[in-house]
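Just so it is clear: chains get the letters A, B, ... in the order the sequence lines come, proteins before strands, and each one is counted from 1. The structure presented is a predicted model; accordingly, all values stated were derived computationally and were not measured.
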Number of protein chains: 2
Amino acid sequence: MSPREPLTRDRIIEAALHIVDGQGLGRLTMRRLGDALEVEAMAIYHHLPRGKEELLDGLVTHVGVLHADTRPLGADDWRDRIRSWAEAYRALLVDHAGVLPLLVTRRNPAALATTARSIAEVLRLAGFLESAAHSAARTLLAFLIGHAALEVRGRELATPEPVDWDRQFEESLEVLLSGMLTALL
Amino acid sequence: MSPREPLTRDRIIEAALHIVDGQGLGRLTMRRLGDALEVEAMAIYHHLPRGKEELLDGLVTHVGVLHADTRPLGADDWRDRIRSWAEAYRALLVDHAGVLPLLVTRRNPAALATTARSIAEVLRLAGFLESAAHSAARTLLAFLIGHAALEVRGRELATPEPVDWDRQFEESLEVLLSGMLTALL
DNA sequence: ACCTGAACACCGTTCAAGT
DNA sequence: ACCTGAACACCGTTCAAGT
């Protein structure tokens, strides 16, 4: 028998995300997570003393970090930079739709604030004043979260006239960007 | 002893909303709900055969109906009409913040679609073309849901520079409205 | 230090039984 | 028709015990 890999906080959270992505948030239980890691559920508490609460907090943070890793940079126009930032964030939220309700619940209050600061930074570099950048960043983040929620729910709904969500996203984003521009003048 | 009021679907869902508003979604259990109604938990299944699933669906629908009842009407300018619609919806979501995660999860897929249609109707009456009205309605609804999530989470976060959420909401809404106007030209 | 086994309180739900 | 009581499978978590 090859000796099992040792349990770590990161391995636990990645396994949890895998369960959430594959089976949904409702099927993430400590016992099932233990099974996936080939360990008794109680072993998890050694690495996450606050138990499931800490696990869910960790999921939210982990998804935020994934975005920091993949976010594209370097476009010339600030609008292009915002566009690619927003598209990457949208893809992340839709890919990990199971964590969306966690973002909305009271866990890990700081995570969303961090993301908002990250958008504000892009806007500040683009020439927005400090306070306008923060306000616009919150506007954009609110839209991105809400749109992901709408899109995920809308995609599983069979309507007579199906929605083109890619197009919807682009259109909404243009509305936001031109509105932000107007607010600057 | 006065004979107990008979159990009805509506009484059950109202009691459930009361628990969610007062103690949070996590404390809504069938047994606690039974206690609040002075009935055994199992009695609830007679009125909601699909059990807790149906109860949570009912909560989402019920909050949507609350909005239909309270929504203000009759302003002259379409922007004013959208503004008051949006403000009422925002107040509703923040007042019943506990149901927000339910809106985002896979239950009751039709509820959000109904709300989107209701916004689209306001826009259509304001002179938007059919397809533009639906697109803009989804943009607005996405923003409203996301903003409620951000606001609820942000309010419980003690930051050095606290956010004025009323002002943030107004500013964001103006960005959206002027962006929607630009898209029409 | 890291993991296990048994136990506890609580959950949603089924089902036969009462009125 | 409407509600209850007992039971079942499953939760999260504690804690003493093993290595």
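When the C1' atom of C/dC11 is taken as reference, atom CG of B/L25 falls 14 Å away, rounded to whole Å. In this structure, CD of A/E40 is placed 13 Å from C1' of D/dG18, rounded to the nearest angstrom. In this structure, B/E54 places its CD atom 15 Å from P of C/dG12, rounding to the nearest Å. Look at CG on B/L48: it is 13 Å from P on C/dG12, rounded to the nearest Å. The interatomic distance linking A/H47 (NE2) with C/dA1 (P) rounds to 12 Å, in whole Å. Distance, B/R50 CZ to C/dG12 C1': 14 Å, rounded to whole Å. Nucleotide C/dC2 holds its C1' atom 14 Å from the CG atom of A/L37, rounded to whole Å. The separation between A/E53 atom CD and D/dC11 atom C1' is 15 Å, rounded to whole Å.
Side-chain atoms of B/R31 lie closest to D/dA7 of the nucleotides D/dA7, C/dT14, D/dT14. With D/dC3, C/dA1, C/dG12 as the choices, the nucleotide that has an atom nearest any side-chain atom of B/V39 turns out to be D/dC3. Relative to the side chain of A/Y45, the nucleotides D/dT13, C/dT14, D/dT4 differ in distance, and D/dT13 lies closest. For B/K52, whose side chain is taken as the heavy atoms from C-beta onward, the closest listed nucleotide among C/dG12, D/dC2, C/dC3 is C/dG12. The nucleotide whose nearest atom lies closest to any side-chain atom of B/M42 is, among C/dT14, C/dC3, D/dC3, C/dT14.
In this structure D/dT4 sits in a base pair with C/dA16, meeting the Watson-Crick or G-U test at under 3.5 Å.
Salt bridge annotation for A/R83-A/E174: present, with a cationic side-chain nitrogen under 4.0 angstrom from a carboxylate oxygen. A salt bridge does not link B/E151 with A/R138: none of the charged nitrogens is closer than 4.0 Å to a carboxylate oxygen. In summary, B/D166 and B/R90 engage in a salt bridge, as defined by a charged side-chain N under 4.0 Å from a carboxylate O.
Around the CG atom of B/L184, the shell of radius 6.0 Å holds more than 12 heavy atoms that belong to other residues, nucleotides or ligands.
At a threshold of 4.0 angstrom between heavy atoms, the contacts of A/R32 are confined to the sugar-phosphate backbone, with no base atom among them. Within 4.0 Å of A/M30, counting heavy atoms only, lie sugar-phosphate atoms of the nucleic acid but no base atom.
Taking the six-membered ring for Trp and the full ring otherwise, A/F169 and A/W165 have centroids separated by 6.0 Å or more.
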